[in-house]
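Scroll down for the structure; my scribbles are underneath it.
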Amino acid sequence: MLATQAGYAVTLIYATRDDRAAQVVAQIEAAGGKALAIRMDVGDEAAVRSAFERTRAEFGRIHGLVNNAAITGGHSRMIDTELTTVREVIDANVVGAWLCAREAIRCMAKSRGGAGGVIVNVSSNAARKGSPNNWIHYAMTKGALDTMTVGLGAEMAPDGIRVVGVRPGLADTDIHKDRDAAMTARMTASIPMGRMSSPEEVARVIVWALSAEASYVTATTIDVTGGY
């Protein structure tokens, strides 16, 4: 909703929960905004291309991309993690982000006839902490996303595209719903601000990064971690 309040039409890419996607679209439209929901696998190159084509047909120029799709692969120590799980997480979190960024660049790059734009990569504080005994496989994919932000931001600056990372810490979202309650309590206690972030607190930083107010910010990642 924050993006639509800022004047953006929104294409929502999702993998499951048709009912929730439809609800979000309905909420946006009820508030006077424009939205399109597309169910797809972000690791599917043809599907990604089709999503960008549909978005351009529906809304015209693409202003920005938010790479937020990710899976964790569940909680496990590295010694117990299956290779199939690691490949699934890499495919969704790294390959998917790379594919979406590439297609966004092809739409937005000035050298391709575009008007420039912004890519926001949603990382995780797990990339900095490593997430030992929890989900190193997830953390390393977010580290890869941080590296892409630095390199792609420098590469695309002459083409009028900014690339900004947003790195949430412990946030009150479904990603933590299957975590042990005692572990969550310990993690929360280690945050200087003493609480999780809300999804809206992270979303505000993302919308700011998309805006002209962040016009000189690129090739860097902003921590939204409550000081942790």
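Atoms considered below: every heavy atom in the structure, side chains included; atoms not considered: hydrogens, waters and symmetry mates.
- A donor atom on one side chain and an acceptor atom on the other are not found under 3.5 Å apart for Asp172 and Ser198.
- The only option from Thr72, Thr141, Asn67 that meets the side-chain hydrogen bond (donor to acceptor under 3.5 Å, both in side chains) definition with Asn93 turns out to be Thr141.
- When all heavy atoms of Val163 and Thr218 are compared, the closest pair comes out as N-OG1, 2.8 Å.
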Inset, instruction - Given side-chain hydrogen bond (donor to acceptor under 3.5 Å, both in side chains), test Asn121 with Thr149 step by step and report yes or no. - result: CA-CA 7 Å; Asn121 291 323; Thr149 296; 2.9 Å; yes
Inset, instruction - Test salt bridge (Lys or Arg N to Asp or Glu O under 4.0 Å) on Arg49 and Glu45 and set out the steps. - result: CA-CA 6 Å; Arg49 286 178 174 170; Glu45 183 175 19; 3.3 Å; yes
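- Here the closest heavy-atom approach between residue Val164 and residue Val217 is recorded as CG2-O, 3.4 Å.
- When all heavy atoms are compared, the tightest approach of Ile71 to Ala92 is CG1-CB, 3.9 Å.
- Taking a 6.0 Å sphere around CD of Glu29, one finds it holds more than 12 heavy atoms contributed by other residues, nucleotides or ligands.
- The CG atom of Asn68 sits 12.0 Å away from atom CD1 of Ile13, with the distance rounded to the nearest 0.5 Å.
- Within the cation-pi definition used here (under 6.0 Å to the ring centroid, within 45° of the axis), Lys34 does not qualify as a partner of Tyr8.
- When only modelled atom types and interatomic distance are considered, Asp18 and Tyr14 share a side-chain donor-acceptor pair under 3.5 Å.
- No salt bridge links Glu82 with Arg87; every basic N to acidic carboxylate O contact stays at or beyond 4.0 Å.
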Legend entry - Test salt bridge (Lys or Arg N to Asp or Glu O under 4.0 Å) applied to Glu103 and Arg106, step by step: CA-CA 5 Å; Glu103 292 308 309; Arg106 290 176 173 177; 3.1 Å; yes
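- For the pair Phe52 and Cys107, the tightest heavy-atom approach, listed with the atom from each and the gap, is CD2-SG, 4.0 Å.
- Neither side chain, Ser123 nor Thr221, offers a donor N or O lying under 3.5 Å from an acceptor on the other.
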Inset, instruction - Could you check Val224 against Arg167 for side chain to side chain contact (heavy atoms under 4.5 Å, CB included), going step by step and ending with a plain yes or no? - result: CA-CA 6 Å; Val224 189; Arg167 189 187 290 124; over 6 Å; no
